[in-house]
Amino acid sequence: MPYTPPDGIGNLRRERLRNARLYFVCDARPGGEDPGPLLRAALDGGVDVIQLREKSGDRRLTDRAAQTFRRLADTYGVPFFVNDDPELAVHYRADGVHIGQDDVTVEEARQIVGNDSLIGLSTHSAEQVDAAAGVDHISVGPVWPTPTKQGRPAVGTDLVNYAAGNTALPFFAIGGIDTTNVKEVLGAGARRIC
């Protein structure tokens, strides 16, 4: 039987997302270790949203990690996203799914996850920012080169500035952002960071 969230959960999820400022993306075994300690440290440090991004295809590994993500999301009261796969998001009782431009369409994702779940969408150009519809947030980037998106050209802070002035959707700047360059991203208009 599919998971059915409690009444009103969609509104609570959307409110938490609107208030979020720091989004943490993590694979199932960061550094070859259990994700629990790293997630706890991130959440204790102020992370507002967590996402499980596992590209290995190892379903047992992903299943175990998803249990940890769900438990810690519940403990800290933050949204939990699954990357790319709406069906896995439903299976893991995630609060939402984050899809890329080449994954399922927003409409297909919405049919799978339902109206109470959140949908995030990656954007890499002004045209994609403008076309984003039917989602709860977008990510804008990669701002700078990042090893997690090899082959994807960096968009720089110009796209962050464009999104800041041209979308009403909550957006998170993502890609290569760290303590040495986050001020530049904030200066371009970002208020939410991955």
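In this structure, the ring pair (Phe, Tyr, Trp, His ring centres under 6.0 Å) partners of Phe80, at least two apart in sequence or on a different chain, are Phe69. Residues meeting the salt bridge (Lys or Arg N to Asp or Glu O under 4.0 Å) test with Arg18, sequence neighbours left out: Glu15.
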Kindly determine whether Tyr76 and Asp48 satisfy side chain to side chain donor-acceptor pair (under 3.5 Å), including the steps that lead there. CA-CA 9 Å; Tyr76 285 84; Asp48 303 298; over 6 Å; no
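Both Ile177 and Val129 sit in one connected hydrophobic cluster of ILVMFWY residues. Membership requires side-chain heavy atoms under 4.5 Å apart, directly or through other members. Linking Ile, Leu, Val, Met, Phe, Trp and Tyr whenever their side-chain heavy atoms come within less than 4.5 Å leaves Leu121 and Leu118 in two separate clusters. Under the 4.5 Å side-chain heavy-atom criterion for grouping Ile, Leu, Val, Met, Phe, Trp and Tyr, Phe172 is not connected to Val106 through any hydrophobic cluster. Cluster membership check: Val25 does not share its hydrophobic cluster with Val82, using side-chain heavy-atom separations under 4.5 Å among Ile, Leu, Val, Met, Phe, Trp and Tyr.
Distance check, rounded to the nearest 0.5 Å: CG of Asp136 to CG of Asp95 gives 11.0 Å. If you take CD1 on Ile174 and CD1 on Ile138, they are separated by 12.0 Å, rounding to the nearest 0.5 Å. In this structure, NE2 in His124 is found 6.5 Å from OG in Ser139, a value given to the nearest 0.5 Å. We find the CZ-CD1 distance between Arg21 and Ile193 to be 10.5 Å, quoted to the nearest 0.5 Å.
Judged purely by atom type and a 3.5 angstrom limit, Glu54 has no side-chain atom pairing as donor or acceptor with the backbone of Thr62. Formation of a donor-acceptor pair under 3.5 Å by the Thr157 side chain with backbone atoms of Val160 is not found in this model. Asp74 places no side-chain N or O within 3.5 Å of a backbone atom of Arg71 that could act as its donor or acceptor partner. With hydrogens and angles disregarded, no donor-acceptor distance shorter than 3.5 Å links the side chain of Arg64 to the backbone of Arg59. Between the Arg16 side chain and the Gly77 main chain, a donor and an acceptor come within less than 3.5 Å of each other.
Using a cutoff of 4.0 Å between basic side-chain nitrogens and carboxylate oxygens, Arg40 and Asp44 are not scored as salt-bridged. The residues Asp116 and Arg13 are annotated as not salt-bridged, no charged nitrogen and carboxylate oxygen being separated by less than 4.0 angstrom.
At least one side-chain heavy atom of Tyr162 sits under 4.5 Å from a side-chain heavy atom of Asp130.
Crowding of Gln101 atom CD: a count of heavy atoms from other residues, nucleotides or ligands under 6.0 Å exceeding 12. Within 6.0 Å of the CG atom in Asn19, the count of heavy atoms belonging to other residues, nucleotides or ligands exceeds 12.
In this structure, His137 and His98 have tilted ring planes: the angle between them lies in the 30° to 60° band.
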